[in-house]
Amino acid sequence: MSYQHIRLPENGEKITIQDGRLVVPDNPILGFVEGDGIGGDITRAAMRVWNAAVEKSYAGQRKVHWAELYLGEKAAGIYNGDYFPDETLAAVEDLIVSIKGPLTTPVGGGFRSLNVSLRQDLDLYACVRPVQYFDGVPSPMRRPEEVNAIIFRENTEDVYAGIEYESGTPENEKLARFLREEMGAEFFEGAGLGIKPISAFGSKRLVRKAIQYAIDHDHDSVTLVHKGNIQKFTEGAFRKWGYELAEEEFADQTISETDLWDIYDGNRPDGKVVIKDRIADIMFQLMQLRPAEFSVIATTNLNGDYLSDALAAEVGGMGIAPGANMADHVAVFEATHGTAPKYANLDKVNPSSLMFSGSMMFDYIGWGEVSALIASAFGKTISQRIVTYDFARQMDNATEVSTSAFADALIGNM
């Protein structure tokens with residue numbers, strides 16, 4: 001495939017898919033988007049850490065060949081104002097595995113959200129967010145070490161489908177008239193209207209990915225989080241379809257929480273993943289009071305947005321929260337925070353969200369030694385109280401360092 005502005009490294013090989021699995025060469029081409037605002041600072045720092053970890057893990061036997069892709073403000077400068085060039089989408093799909101920094105959404109026109117558009121155009125239906133505590137990181141929790149979960153958030157449906165009609169528009173009035181006259185709905189005049197689609201197809205493929213992850217990584221449970229007590233035919237249907245999927249496709253590997261207690265008196269049989277569900281508002285409380293009870297979480301789009309950010313706050317905040325947007329095979333790993341433009345080019349902010357998203361990426365391609373080395377170096381660096389400003393202001397006797405100096409410390413501790 002030829003590109004106008006993207007240049008693929010000559011010495012690298014593309015990742016491929018065979019028999020439904022990734023085939024990763026020892027010299028893979030991985031795509032990266034620098035991102036806007038602080039994206040340049042954190043991408044440069046994180047990439048130094050990734051490259052050092054690969055070199056130290058494999059002593060030159062493996063090496064990443066990076067291909068820069070363009071989205072956001074940098075893309076607009078290269079593609080005549082286009083923040084979302086078609087060839088970048090094509091390259092993300094072609095390379096299969098990529099990582100990106102935070103992106104600015106154009107103001108006054110263009111895409112409602114570049115991130116949402118990327119997920120929808122490439123059908124990256126699962127937002128995957130692990131939440132894990134590192135000893136010494138500032139936390140509001142009394143026992144933050146009990147928080148260790150991974151959230152699978154449906155990424156394409158729910159209110160994020162963007163089906164909205166502004167109050168006072170002809171489209172809004174037409175829909176409001178239909179709802180009142182044809183469907184018997186009652187609501188205030190002048191209301192903005194939004195549609196919340198949640199399908200069996202979208203729900204089941206998300207739950208399938210969550211259950212398969214739990215099986216592959218030896219987790220004991222998958223919790224379906226929903227608001228089905230109120231939204232019975234959307235959130236409630238997500239719950240119902242989740243249980244159906246488990247029974248239809250994973251009957252030998254899963255057990256419902258009801259059967260766990262009715263048949264096994266609460267003692268999980270060896271090799272079985274427990275499928276359970278919790279109402280969303282209660283789940284927020286439980287993740288503070290009894291977080292150790294939850295391992296893999298599968299939930300709808302808006303619930304997942306709230307829950308993943310809340311859980312990140314329990315283990316140190318968005319500055320160290322990693323994430324990924326995944327289809328069946330194509331995956332785009334990303335920093336989960338915003339662009340923080342007032343800190344752009346100041347070499348100041350914490351690069352750990354993007355760095356740990358890279359760790360997820362290396363796990364995804366089967367290079368687990370890299371992510372393990374990064375985690376070990378991070379833990380050691382935190383124990384030395386060498387941190388960026390966001391942690392330094394919450395810790396006693398900390399040594400505050402810049403973004404690049406924090407990367408230096410991490411590399412030195414490998």
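Numbers here simply count residues along the sequence, with the first being 1. Quick note: numbers below take in every heavy atom, side chains included, and nothing from hydrogens, waters or symmetry partners.
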> Aromatic rings His219 and His217: how do their planes relate, parallel, tilted or perpendicular, breaks at 30° and 60°?
Replying inline: tilted
>> Looking only at the aromatic ring of each residue, does the gap between the centers of Tyr79 and Phe84 stay below 6.0 angstrom?
In response: no
> Within the side chain of Lys74, is there an N or O that forms a donor-acceptor pair under 3.5 Å with the backbone of Leu71?
Replying inline: no
>> Please check if the number of heavy atoms outside Tyr306 that lie under 6.0 Å from its OH is greater than 12.
In response: no
>> Using only atom types and a distance under 3.5 Å, with no angle test, would you say the side chain of Thr336 pairs donor to acceptor with the backbone of Ala321?
In response: yes
>> Are there over 12 heavy-atom neighbours, none belonging to Glu173, within less than 6.0 Å of that residue's CD?
In response: yes
> Considering only heavy atoms from C-beta outward, does the side chain of Ile42 approach that of Val349 to under 4.5 Å?
Replying inline: yes
>> For the backbone of Ser199 and the side chain of Glu157, can you confirm whether one donor and one acceptor N or O come within less than 3.5 Å of each other?
In response: yes
> Between Arg129 and Phe152, is NZ or CZ placed under 6.0 angstrom from the six-membered ring centre and within 45° of the ring axis?
Replying inline: no
> Between OG1 of Thr43 and CE of Met355, what distance do you get to the nearest 0.5 Å?
Replying inline: 13.0 Å
> Given the rule in the salt bridge (Lys or Arg N to Asp or Glu O under 4.0 Å) test, do Arg278 and Glu257 qualify, once you have shown the distances and angles that lead to the verdict?
Replying inline: CA-CA 11 Å; Arg278 298 291 184 270; Glu257 188 176 34; 2.9 Å; yes
>> Between Trp241 and Phe201, does the ring-ring contact (aromatic ring centres under 6.0 Å, His included) criterion hold? Intermediate values first, please.
In response: CA-CA 9 Å; Trp241 290 324; Phe201 174 77; over 10 Å; no
> Does the ring of Phe238 carry Lys204 above it, NZ/CZ under 6.0 angstrom from centre and within 45° of its axis?
Replying inline: no
>> Less than 3.5 Å apart, any donor N or O on the side chain of Asp36 or Thr339 sitting next to an acceptor on the other?
In response: no
> Any side-chain donor-acceptor pair under 3.5 Å between Asn301 and Arg153?
Replying inline: yes
>> Tell me whether Asn27 contacts the main-chain N or O of Asn11 through its side chain, where contact means a donor paired with an acceptor under 3.5 Å.
In response: yes
> Counting only heavy atoms not in Asp86, do more than 12 sit closer than 6.0 Å to its CG atom?
Replying inline: no
>> For Arg180, I'd like to know if atom CZ has over 12 heavy atoms of other residues, nucleotides or ligands within 6.0 Å.
In response: yes
>> Rounded at 0.5 Å granularity, tell me how far CG in Asp347 sits from CG in Asp41.
In response: 5.5 Å
> Can you check side-chain hydrogen bond (donor to acceptor under 3.5 Å, both in side chains) on Arg385 and Asn397, steps first, answer last?
Replying inline: CA-CA 7 Å; Arg385 312 184 81 79; Asn397 302 316; over 6 Å; no
> Around Glu249, counting heavy atoms of other residues, nucleotides and ligands shown, do more than 12 lie under 6.0 Å from its CD?
Replying inline: yes
>> For the CG atom of Leu124 and the CD atom of Glu93, what is their distance to the nearest 0.5 Å?
In response: 9.0 Å
> Would you say the ring centroid of Phe356 lies under 6.0 angstrom from that of Phe134?
Replying inline: yes
> Can you check side-chain hydrogen bond (donor to acceptor under 3.5 Å, both in side chains) on Asp363 and Ser371, steps first, answer last?
Replying inline: CA-CA 7 Å; Asp363 282 336; Ser371 60; 2.5 Å; yes
> Should the pair Lys14-Asp94 be classified as a salt bridge under the 4.0 Å nitrogen-to-oxygen rule?
Replying inline: yes
>> Looking at Asn80, I want to see if its CG is surrounded by more than 12 non-hydrogen atoms of other residues, nucleotides or ligands under 6.0 Å.
In response: no
>> Within the supplied structure, the quantity of interest is the number of heavy atoms (other residues, nucleotides, ligands) at a distance under 6.0 Å from Tyr58 OH; does it exceed 12?
In response: yes
>> Whether the Asn229 and Glu235 side chains hold a donor-acceptor pair (N or O, under 3.5 Å, no angle test) is what I'd like checked.
In response: no
>> Can you tell me how far apart OG (Ser357) and NZ (Lys100) are? Round to the nearest 0.5 Å.
In response: 9.5 Å
> Is the centre of the Phe391 ring less than 6.0 Å from the centre of the Phe406 ring?
Replying inline: no
> After noting the C-alpha distance and the side-chain angles of Gln61 and Asp26, does the key distance pass the side-chain hydrogen bond (donor to acceptor under 3.5 Å, both in side chains) rule?
Replying inline: CA-CA 7 Å; Gln61 297 301 306; Asp26 288 339; over 6 Å; no
>> Once rounded to the nearest 0.5 Å, what's the spacing between atom OG of Ser203 and atom CD of Glu154?
In response: 6.5 Å
>> With a 4.5 Å cut-off on side-chain heavy atoms, are Thr16 and Gln18 touching?
In response: yes
>> Could you go through Trp367 and Trp50, starting from their C-alpha distance and side-chain angles, then the distance that decides it, and tell me whether this counts as ring-ring contact (aromatic ring centres under 6.0 Å, His included)?
In response: CA-CA 11 Å; Trp367 291 16; Trp50 299 330; over 10 Å; no
>> Measuring from atom CG of Asn303 to atom CG of Asp158, what distance do you get when rounded to the nearest 0.5 angstrom?
In response: 7.0 Å
> Between Ser139 (side chain) and Glu314 (backbone), is there a donor-acceptor pair under 3.5 Å?
Replying inline: yes
> Which atoms form the tightest heavy-atom contact between Val131 and Leu311, and what is the distance?
Replying inline: CG1-O, 3.4 Å
> Is a salt bridge present between Asp328 and Arg208, judged by a nitrogen-to-oxygen distance below 4.0 Å?
Replying inline: no
>> Check whether Ser376 reaches the backbone of Ala372 with its side chain - one donor and one acceptor, N or O, closer than 3.5 Å.
In response: no
